[in-house]
Enquirer: 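Have a look at this one.
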Amino acid sequence: QKSQADKTEMSQRHESQMLQQNLEDQIASANKDMASAKRGLAESKEVKANAEGDLESTQKELDEDRKTLADTKADCEEKAEEWKSSLDQRNQEVKALEQAVEVIQDKAGGAENKAYGLLQTKTPPTGQALLAVLSKIEATGKAVQDRQLTALEVRVKAAASSSADP
């Protein structure tokens, strides 16, 4: 019986050692898996931190780019308004000059096709038509603040006064 008890005891010891070895192997494997998971977690945290830094930097750049875009749009709109205003002024000037040319041509009555002597027999027309031309040139010159229209007004006045005095 002793040998049977020794065999049983040895068998139980062997099973106990096998169980202990199996548990130790499982613990070692679990520790290895846990260490690997910790490394993965640390790497993930580092990647996340880098990505957050990149996101913050990119967000700042995006905000700056949006501000630059808004400033550029505002500048562009301002330039477009200035150009439109300038174009409107030029169109008014052209209309005033066209009207002045029309009035002058109407009053000249084809004078460019006639030959004149040195003796002036009749004074050139003055009055309402000339005043209307001068008034239109003066009003347009003041409205658009153009020196050339002011100079034209002075020349027309001078021409009118010199032709009225024979």
Side-chain angles (χ1 to χ4, degrees), residues 1-108 129-160:
Q1 250 190 343
K2 187 175 179 190
S3 99
Q4 184 66 21
D6 285 341
K7 277 186 182 183
T8 305
E9 184 182 337
M10 289 256 280
S11 173
Q12 287 177 347
R13 190 183 292 165
H14 180 64
E15 285 177 18
S16 174
Q17 287 176 347
M18 291 291 286
L19 180 61
Q20 183 180 358
Q21 182 64 41
N22 188 14
L23 291 174
E24 287 174 355
D25 288 345
Q26 287 179 358
I27 290 171
S29 177
N31 284 339
K32 184 178 177 183
D33 290 345
M34 188 170 68
S36 175
K38 284 181 180 180
R39 279 192 306 273
L41 180 62
E43 289 173 2
S44 294
K45 284 182 179 180
E46 182 179 343
V47 168
K48 179 184 175 193
N50 288 339
E52 287 174 345
D54 289 348
L55 176 62
E56 184 178 337
S57 172
T58 302
Q59 189 63 43
K60 284 180 183 177
E61 289 176 10
L62 179 60
D63 292 343
E64 290 173 6
D65 289 347
R66 284 183 177 158
K67 184 183 180 308
T68 301
L69 177 61
D71 291 346
T72 302
K73 281 183 178 180
D75 288 346
C76 184
E77 288 172 3
E78 182 181 331
K79 297 285 184 191
E81 287 297 320
E82 289 175 6
W83 181 81
K84 186 180 182 301
S85 174
S86 175
L87 185 63
D88 289 344
Q89 287 176 354
R90 298 301 170 231
N91 286 338
Q92 288 176 358
E93 291 172 6
V94 167
K95 284 180 185 176
L97 290 173
E98 287 173 349
Q99 289 174 350
V101 166
E102 254 181 57
V103 169
I104 291 171
Q105 285 177 345
D106 287 347
K107 293 301 173 182
L130 183 60
L131 290 176
V133 170
L134 285 172
S135 173
K136 188 67 175 172
I137 292 173
E138 180 181 10
T140 305
K142 286 181 181 177
V144 298
Q145 298 178 351
D146 189 351
R147 292 182 195 168
Q148 291 178 341
L149 283 177
T150 305
L152 175 63
E153 176 190 359
V154 170
R155 288 196 319 251
V156 170
K157 282 181 182 177

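Along the sequence shown, the residues carry numbers beginning at 1. Fair warning: this is a prediction, and the values are worked out from it, not measured in the lab.
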Enquirer: Is it true that E9 and R13 have a side-chain N and a carboxylate O under 4.0 angstrom from each other?
Expert: yes
Enquirer: If I take atom CD from residue Q21 and atom CD from residue Q26, how far apart are they, to the nearest 0.5 angstrom?
Expert: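 One finds 11.0 Å between CD of Q21 and CD of Q26.
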Enquirer: Rounded to the nearest 0.5 Å, what separation is found between the CG atom of D25 and the CE atom of M18?
Expert: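 With rounding to 0.5 Å, CG (D25) is 9.5 Å from CE (M18).
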Enquirer: Below 4.5 Å, heavy atoms only, C-beta onward: do T140 and L97 meet side chain to side chain?
Expert: no
Enquirer: Using modelled atom types only, decide if a donor and an acceptor are shared between the side chain of S36 and the backbone of K32 within a distance under 3.5 Å.
Expert: no
Enquirer: Starting at NZ of K48, measure out to NZ of K45 and round the result to the nearest 0.5 Å.
Expert: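 The NZ atom of K45 is 8.5 Å from NZ of K48, to the nearest 0.5 Å.
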Enquirer: Quick one: are R90 and E93 in side-chain contact, heavy atoms under 4.5 Å?
Expert: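 Side chain of R90 against side chain of E93, heavy atoms only: contact under 4.5 Å found.
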Enquirer: So that I can tick it off, tell me whether K84 and D88 are bridged by a salt bridge, with the cut-off set at under 4.0 angstrom between side-chain N and carboxylate O.
Expert: yes
Enquirer: If only atom types and distance count, is the side chain of T8 paired as donor or acceptor with the main-chain N or O of Q4 below 3.5 Å?
Expert: yes
Enquirer: At what distance, to the nearest 0.5 angstrom, does OG of S29 lie from CG of N22?
Expert: 10.5 Å
Enquirer: With rounding to the nearest 0.5 angstrom, report the NZ to CG distance, K38 to D33.
Expert: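 Between atom NZ of K38 and atom CG of D33 there are 12.5 Å.
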Enquirer: Let me have the donor-acceptor pairs involving side chains of residues 57-74, under 3.5 Å, with sequence neighbours excluded, atom names and distances please.
Expert:
unit_1 : atom_1 : unit_2 : atom_2 : d
T58    : OG1    : D54    : O      : 2.7
Q59    : NE2    : D63    : OD1    : 3.3
K67    : NZ     : D71    : OD2    : 3.1
T68    : OG1    : E64    : O      : 2.9
T72    : OG1    : T68    : O      : 2.8

Enquirer: Verify the distance criterion only: is there a donor paired with an acceptor across the side chains of Q20 and E24 at less than 3.5 Å?
Expert: yes
